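Right, one structure below, let's go through it.
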Amino acid sequence: MVKLSDNFGRPIHDLRISITDRCNYRCVYCRTGTNGAAYAELPFPDYLRMARILVGLGITKIRLTGGEPLLRKGIVEFVRDLARLRTLEGKKPEIALTTNGHLLAEIAQPLQDAGLDRVTVSMDAVDPERFARITRVPNGYESVLAGVRVSRRVGLEPVKINCVLLRGFNEDQIIPFGMFAREERVVVRFIEFMPLEEDRVWTPEIVVRLDEIVSRMSEYLPLQEVSHERSETARRYRFSDGVGEIGIIAPVSHPFCGHCSRIRITSDGKLRTCLFSVWDHDLHELMRRGATDEKLTEFIVKVVEKKEERHHIGEPGFVPASRTMVHIGG
Ligand code: SAM
């Protein structure tokens with residue numbers, strides 16, 4: 001039995017599939033605001049075949065992302081099909097979704113019924129006006145909040161909120177997000193801004209780093225770090241009174257590449273072994289040419305072996321990734 005791992009001995013068990021390159025938000029730190037979808041999307045049976053082969057190679061967690069995955073009609077049926085796959089241990093794979101939450105309220109229950117386990121909602125402000133300025137879409141906040149609440153109610157828990165902080169833009173939202181985590185009973189995770197945006201505006205100074213987030217949040221209430229799985233991206237903290245949890249994903253100040261267990265499939269069926277890969281591997285083209293499952297397996301195993309050791313954010317000579325975040329699937 002072949003189990004995916006790379007030449008650095010890292011077992012690969014997390015798969016992210018971008019099911020569309022389209023997005024209904026134009027978040028200022030992610031997209032130019034004028035560029036639309038740049039890559040194709042595949043019929044669901046093609047993603048399903050890739051997922052089936054990968055689950056047979058040791059993938060245990062599948063996260064659907066985009067673009068905005070909820071724009072894709074047929075997502076509920078796709079989740080149902082994924083939920084029928086069995087891992088090498090004979091279990092249903094864990095299925096998660098990353099979404100901006102705009103269309104979530106109506107579809108959360110059907111997704112949960114189909115086999116979705118958890119949801120992560122991206123929110124970069126907890127006040128409606130700021131939210132609109134960031135997303136460049138009016139009146140989104142109420143829809144997203146409704147999506148978060150319905151997700152909790154139907155048991156897609158723990159609901160996680162991803163917030164990207166940018167200096168001078170929304171770092172004043174740190175404490176409001178701490179309050180939000182406690183009031184809404186969600187896990188808020190702050191993500192350090194990475195150089196993966198369409199506009200190429202990243203500078204080290206714009207990144208609000210882990211230490212600063214912890215210190216600012218501690219002005220509100222003391223935090224206690226709790227243990228996390230090695231391959232988990234977020235460092236976890238609980239408020240000292242036991243109510244509420246936050247996480248910090250710190251790829252810039254505290255890289256976690258050494259424990260990376262992830263690979264990605266882009267909406268057009270390319271395999272990517274790192275967010276910062278400078279090339280991707282055309283799995284779909286092989287399928288289109290009629291490759292057997294054995295041939296696809298051989299291809300995947302070879303590609304994954306060569307997964308990049310680490311990213312080089314902030315180092316001299318850093319080469320930007322061949323795609324930006326919205327076109328990879330975060
Ligand atoms: N549309 C979905 C959403 O909003 O969650 C899925 C795709 S979106 C690209 C996935 C996540 O990547 C979001 O949480 C977003 O905030 C984050 N993201 C986008 N650009 C980023 C960057 N340059 N650095 C860090 N996170 C980024």
Side-chain angles (χ1 to χ4, degrees), residues 13-25 41-56 58-123 140-162 180-181 183-189 229 232-234 245 247 262 264-265 267 269 329-330:
H13 41 76
D14 292 348
L15 169 67
R16 299 190 175 195
I17 309 179
S18 169
I19 58 173
T20 181
D21 202 45
R22 293 172 287 136
C23 191
N24 46 351
Y25 279 7
E41 52 197 44
L42 304 182
F44 280 120
D46 289 358
Y47 300 128
L48 186 63
R49 182 173 175 209
M50 294 173 185
R52 176 175 54 73
I53 293 172
L54 283 158
V55 167
I59 293 293
T60 54
K61 275 195 211 165
I62 302 174
R63 176 173 294 278
L64 303 183
T65 179
E68 171 45 41
L70 297 185
L71 289 178
R72 189 78 197 260
K73 298 230 164 13
I75 185 173
V76 172
E77 293 69 26
F78 182 49
V79 168
R80 194 169 295 129
D81 289 336
L82 289 175
R84 289 199 191 102
L85 300 176
R86 285 296 167 264
T87 66
L88 294 176
E89 290 76 36
K91 295 190 187 135
K92 167 185 156 314
E94 199 179 318
I95 307 174
L97 172 77
T98 300
T99 171
N100 61 30
H102 195 82
L103 302 169
L104 185 57
E106 274 180 27
I107 206 169
Q109 180 74 68
L111 283 171
Q112 202 270 345
D113 292 341
L116 187 73
D117 296 294
R118 288 186 292 104
V119 67
T120 299
V121 180
S122 305
M123 293 175 79
Y141 185 76
E142 294 306 324
S143 313
V144 175
L145 188 58
V148 168
R149 289 178 174 164
V150 175
S151 297
R152 275 204 60 221
R153 206 175 313 132
V154 304
L156 291 170
E157 287 192 289
V159 173
K160 293 183 181 161
I161 306 293
N162 276 356
F180 185 84
E183 280 158 19
E184 297 290 335
R185 305 279 162 154
V186 293
V187 177
V188 171
R189 303 183 322 164
E229 296 274 319
E232 231 180 299
T233 48
E245 180 179 321
R262 280 169 292 284
R264 292 176 160 81
I265 290 174
S267 66

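Model, not experiment: these values are computed from the prediction.
- Side-chain contact between V154 and V150: present, with at least one pair of heavy atoms (C-beta onward) separated by less than 4.5 Å.
- Applying the salt bridge (charged side-chain N to carboxylate O under 4.0 Å, His left out) test to pairs two or more places apart or on separate chains, those with a residue in residues 141-150 are R149-E184.
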Could you walk me through whether N162 and M123 satisfy the side chain to side chain contact (heavy atoms under 4.5 Å, CB included) test, starting with their C-alpha distance in whole Å, then the side-chain angles of each, then the deciding distance to 0.1 Å, before giving a yes or no?
CA-CA 6 Å; N162 276 356; M123 293 175 79; over 6 Å; no
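- In summary, of the residues considered (V121, L156, V119, L104), a side-chain contact (heavy atoms from CB on, under 4.5 Å) with V148 occurs for V121 alone.
- Under the 4.5 Å side-chain criterion, counting only non-hydrogen atoms from C-beta, P69 is in contact with I75.
- Rounded to the nearest 0.5 angstrom, L116 CG and L64 CG are separated by 7.5 Å.
- Between atom CG of residue L111 and atom CG of residue D117 there is a gap of 11.5 Å, rounded to the nearest 0.5 Å.
- With hydrogens and angles ignored, the 3.5 Å screen pairs a side-chain donor or acceptor of R264 with a backbone N or O of G329.
- In plain terms, the two heavy atoms of T65 and G330 that are nearest each other are OG1-O, 3.2 Å.
- Here the closest heavy-atom approach between residue V188 and residue A181 is recorded as CG2-CB, 3.7 Å.
- F180 meets the ring-ring contact (aromatic ring centres under 6.0 Å, His included) test with no other residue; sequence neighbours excluded.
- T233 places a side-chain heavy atom less than 4.5 Å from the side chain of R262.
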For I265 and S18, what are the C-alpha separation, side-chain angles and deciding distance, and is it a side chain to side chain contact (heavy atoms under 4.5 Å, CB included)?
CA-CA 6 Å; I265 290 174; S18 169; over 6 Å; no
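- Once rounded to the nearest 0.5 Å, the distance linking CD1 of I95 with CD of Q112 reads 11.5 Å.
- Residues satisfying the salt bridge (Lys or Arg N to Asp or Glu O under 4.0 Å) criterion with E94, sequence neighbours excluded, are R118.
- Between S151 and V159 the shortest heavy-atom distance is CB-CG2, 3.8 Å.
- Distance check, rounded to the nearest 0.5 Å: CZ of R185 to CD of E245 gives 12.5 Å.
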side-chain hydrogen bond (donor to acceptor under 3.5 Å, both in side chains), that's the test. Do T120 and R63 meet it? Break it down for me.
CA-CA 10 Å; T120 299; R63 176 173 294 278; 3.2 Å; yes
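- Between the CG atom in L103 and the OG atom in S143 there is a gap of 8.0 Å [rounded to 0.5 Å].
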Table please: side-chain donor-acceptor pairs of residues 76-86 below 3.5 Å, with sequence neighbours left out.
unit_1, atom_1, unit_2, atom_2, d
D81, OD1, R84, NH1, 2.8
R86, NH1, A83, O, 3.0

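- With contacts defined as side-chain heavy-atom distances shorter than 4.5 Å, the pair R52/L48 does not qualify.
- Within the 3.5 Å criterion, the main-chain N or O of T60 finds no donor-acceptor partner in the side chain of T87.
- For R72, the salt bridge (Lys or Arg N to Asp or Glu O under 4.0 Å) partners at least two apart in sequence or on another chain are E41.
- Checked against salt bridge (Lys or Arg N to Asp or Glu O under 4.0 Å), R153 has no partners two or more places apart in sequence or in another chain.
- R189 contributes atom CZ, which lies 9.5 Å from atom OG of S122 (distance to the nearest 0.5 angstrom).
- The side-chain heavy atoms of L71 and N24, taken from C-beta on, include a pair separated by under 4.5 Å.
- When atom types are taken as modelled, the side chain of Y47 and the backbone of L42 share a donor-acceptor pair closer than 3.5 angstrom.
- Of the possible donor and acceptor atoms, one in the side chain of E68 sits under 3.5 Å from a partner among the backbone N and O of L70.
- Residues N100 and C23 form a side-chain contact, since some pair of their non-hydrogen atoms from C-beta on lies under 4.5 Å apart.
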